Amino acid sequence: MQEAELHDLSDDADYAASQQEGSASMMRCDSSKLSTSSETEGAEIVYLKDNVAIHPTQYAFERISGRLKLIKQGSALFMTWIPYKRQSTNAKLSEKDRNLYTIRAVPFADVRSIRRHTPALGWQYIIVVLSSGLAFPPLYFYNGGVREFLTTIKQHVFLVRSVEDTNVFLLNDFQNPLQRTLSSLELPRAVPIPSMPSAPVLPRESTSHENQERTDVGISDLFRESHGNGFRPLERRKSNQSDDYSHKPSDDAEGVAVQSPVAPDPVEKVPYREHNRDGEAATNVGTFELISYKEFDKLSLVWGKPRQPPLGLEEWATFLDSEGRVVDSKALRKRIFYGGIEHKLRKEVWAILLGHHTYESTYAERKHQRSIKKTEYETIKSQWQSISPAQAKRFTKFRERKGLIEKDVVRTDRSLSFYDGDDNPNVNLLRDILLTYSFYNFDLGYCQGMSDLLSPILLVMEDESESFWCFVALMECLGPNFNRDQSGMHSQLFALSKLVELLDNPLHNHFKQNDCLNYFFCFRWMLIQFKRELEYEKTMRLWEVLWTHYLSEHLHLYLSVAILKRYRGKIIGEQMDFDTLIRFINELSGRIDLDATLRDAEALCICAGERGADCIPPGTPPSLPVDNGLLYSQQDEVL
């Protein structure tokens, strides 16, 4: 990109309009020296805005309001956001929740970009993205002030508007060689303001240009299309290969990968002692009961319970009363958690697990609901079916979504007999259901990856209307994965980083030293719930385990930690950087031992306990949907 192509803010009407307002505010703020004992001597508040809020969940009443500041100290500019101590918002948000979101003294040298959102309805908000790729939660300006905020930043750091997206403002993105050289000098910086770590854990410094290149490569690797399933083709392991996966360094690596000393796994197999007649294992996060006295594989956590056979028809009947109600839903969810469900039974049980039917519903009530919902589905479907070609020409959003859906469904799971062949009616059903959903949830619409989530549901339900409503129920939990601001994905990746830090600090430190704290290499795992990482049958088994919410509604995060821990020796030993890690993780597809990994995930979840739950921000997908009428728009953010 040539220097002449940069859009300077001074050319923009909004910037010019804010100059007078901003200058007056700067004069007020510049005179306000930090005087409290908690703030560093010599720092100046150059911008201050009250009533700036975040929304930990998708419910308006759970917002957290606070004060946003820009602080100048020496040549460095810092941003802080501190929540108010006493608020009259929902009591479910504890003080720990508020502390989790507190932003303390983040230097703008570590900020890559700021995205501004101006919805047609609702309040303006910004998303601050760090050089590591992590992003803070959206900051909503209830009393205005976004233009003034950007104006102030521009007065103190290098800030330009992105050519690709006029709502994105880039910081420290020096394409000009002279500017890049000046940036790399790393002139003396001010001592950071004493504080606890900010919400995202910041990595070691690197230029934003290098980070941008690395992130772009990683994301393209994650979403590279192929004729089979829409992603990059992966080499499958041959049947005679060992279960131990040996990673080969990339061709452009210089020589053989250097093996580094690997710190011990803090929750790997540990000695246990006798206590009464039970065994106990002591770890750095607690003491836990062992279930056996045998020697265990070093890669397996010693207290994970063995898996069971899947739930069958005869056993399923024991969970129901004479009218079809589930007598003990917790016992049923526990049984499914440890064994899954036989395929011929999934059609009946999935609709209950997903919440399409309630546990308390009878056979007759479920039959009646299916009839009512079928009529409702046909009504919604008719909305897009009735659009004439003349209307479609004037309906850009419909044409775009329809084209994207038609492009995706023809490459979704076509290797399965259920979807293979030309003019397959099941492929047409995929298209119809996704188009109907885009009209049912017009704010969210359709995004790549949704066809992957619908495909197993349609295969199991074998009914268009039932598949649609089960998909609707699933999207009540996973919908935030596809939000335009990627808040759902960022909250999961942030929670994952905190869990790894808690459960395997040496591995966390390796990621920190190699600029991998954005965890983008796990992006696909989160987005479509490991569907591209497992064989189809194992994917369905994993999903029904996750849907039980038996130990945690975020078991998929512990599953991610378990996978990373299984390969920690190789990751640390070979000093994998971001690009190598992306390739390595992608090539694990088809090689993950699901049963063993579920055992490890269960153990990690129990091991982490409340400390693990505290690492996960409220509202992190897939959280249980709450039907209290206080949902606000996914896109317009109307509160």
Side-chain angles (χ1 to χ4, degrees), residues 55-59 115 117 119 122 125 127 129 133-135 137-138 165 167 219 222-223 225 229-231 354-355 380 397-398 400-409 411-412 430-431 433-458 467-496 518-520 522-532 539 543 546-547 553-554 556-557 560 617 619-625 631-638:
H55 295 269
T57 72
Q58 56 189 348
Y59 303 105
R115 173 178 284 276
H117 291 260
Y125 64 94
I127 298 175
V129 180
L134 283 176
D165 189 336
N167 285 312
I219 295 301
L222 283 172
F223 289 97
E225 295 179 0
N229 56 15
F231 281 98
L354 285 168
I380 302 170
K397 183 67 71 176
F398 172 69
E400 290 176 348
R401 288 179 174 176
K402 185 172 183 289
L404 185 57
I405 289 170
E406 289 176 343
K407 180 181 178 182
D408 283 353
V409 296
R411 58 189 182 186
T412 300
L430 272 180
R431 178 203 62 201
I433 294 172
L434 291 170
L435 264 173
T436 305
Y437 181 78
S438 73
F439 272 70
Y440 173 81
N441 188 345
F442 201 83
D443 287 334
L444 187 58
Y446 175 79
C447 299
Q448 187 178 17
M450 289 184 181
S451 61
D452 278 283
L453 296 176
L454 173 60
S455 170
I457 293 176
L458 180 58
S467 297
F468 171 81
W469 292 112
C470 285
F471 180 69
V472 166
L474 178 62
M475 292 302 292
E476 285 296 301
C477 295
L478 298 184
N481 283 7
F482 302 96
N483 279 355
R484 183 182 300 168
D485 62 9
Q486 293 193 334
S487 56
M489 291 301 301
H490 279 302
S491 65
Q492 290 174 87
L493 295 175
F494 168 66
L496 178 58
N518 56 30
Y519 281 78
F520 279 168
C522 299
F523 192 94
R524 193 170 74 188
W525 295 358
M526 305 291 109
L527 184 69
I528 53 176
Q529 304 286 279
F530 300 91
K531 182 172 179 287
R532 300 287 174 86
T539 296
W543 285 9
L546 296 178
W547 296 343
E553 62 189 36
H554 298 107
H556 68 297
L557 297 176
S560 301
T620 297
S623 56
L624 290 166
L631 263 154
Y632 63 91
S633 165
Q634 298 265 10
Q635 301 298 344
D636 290 339
E637 320 297 345
V638 179

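The structure presented is a predicted model; accordingly, all values stated were derived computationally and were not measured. All residue numbers in this chain count up from 1 along the given sequence.
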Legend entry - Stepwise side-chain contact (heavy atoms from CB on, under 4.5 Å) check, Phe398 with Leu435: CA-CA 9 Å; Phe398 172 69; Leu435 264 173; 4.1 Å; yes
pair [X]-[Y]: side-chain heavy atoms closer than 4.5 Å:
| X | Y | answer |
| --- | --- | --- |
| Pro480 | Met489 | no |
| Pro622 | His556 | yes |
| Phe482 | Asn441 | no |
| His55 | Tyr125 | no |
| His117 | Ile127 | yes |
| Ile433 | Met450 | no |

What are the two closest heavy atoms between [X] and [Y], and how far apart are they?
| X | Y | value |
| --- | --- | --- |
| Ala495 | Leu557 | CB-CD1, 3.9 Å |
| Ser560 | Leu496 | CB-CD1, 3.7 Å |
| Leu493 | Phe520 | CD1-CD2, 3.7 Å |

Inset, instruction - For the pair Gln492 and His554, evaluate side chain to side chain donor-acceptor pair (under 3.5 Å) and give the outcome as yes or no after the intermediate values. - result: CA-CA 9 Å; Gln492 290 174 87; His554 298 107; over 6 Å; no
Atom [atom1] in [X], atom [atom2] in [Y]: separation rounded to 0.5 Å?
| X | Y | atom1 | atom2 | value |
| --- | --- | --- | --- | --- |
| Gln529 | Trp547 | CD | CH2 | 9.5 Å |
| Ile405 | Ser451 | CD1 | OG | 9.0 Å |
| Leu527 | Gln448 | CG | CD | 8.5 Å |
| Leu546 | Leu478 | CG | CG | 9.5 Å |
| Phe468 | Leu458 | CZ | CG | 13.0 Å |
| Leu434 | Cys447 | CG | SG | 11.0 Å |

Inset, instruction - Please answer whether the main-chain N or O of Met526 pairs with a side-chain N or O of Asn481 as donor and acceptor at a distance below 3.5 Å. - result: yes
Legend entry - Partner residues of Lys402 under the side-chain hydrogen bond (donor to acceptor under 3.5 Å, both in side chains) criterion, sequence neighbours left out: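 Partners of Lys402 by the side-chain hydrogen bond (donor to acceptor under 3.5 Å, both in side chains) criterion, ordered by chain and then number, come out as Glu406.
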With sequence neighbours excluded, what pairs up with [X] under the side-chain contact (heavy atoms from CB on, under 4.5 Å) test?
| X | result |
| --- | --- |
| Ser491 | Thr620, Pro621 |
| Leu404 | Asp408, Tyr446 |
| Ser487 | Pro138, Asn483, Asp485 |

Inset, instruction - Might you work through the side-chain contact (heavy atoms from CB on, under 4.5 Å) test for Lys397 and Phe442, ending with a clear yes or no? - result: CA-CA 10 Å; Lys397 183 67 71 176; Phe442 201 83; 4.0 Å; yes
Inset, instruction - Determine, step by step, whether Leu354 and Phe471 satisfy the side-chain contact (heavy atoms from CB on, under 4.5 Å) criterion, reporting the C-alpha distance in whole Å, the side-chain angles of both residues, the deciding distance to 0.1 Å, and the verdict. - result: CA-CA 9 Å; Leu354 285 168; Phe471 180 69; over 6 Å; no
Inset, instruction - Return the set of residues passing salt bridge (Lys or Arg N to Asp or Glu O under 4.0 Å) with Arg401 (not counting sequence neighbours), or none when no residue passes. - result: none
Legend entry - Under the ring pair (Phe, Tyr, Trp, His ring centres under 6.0 Å) test, residues paired with Phe530 that sit two or more places apart: Trp525
Inset, instruction - Please find out if less than 6.0 Å separates the ring center of Trp469 from that of Tyr440. - result: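 Close enough - the centres of the two rings lie under 6.0 Å apart.
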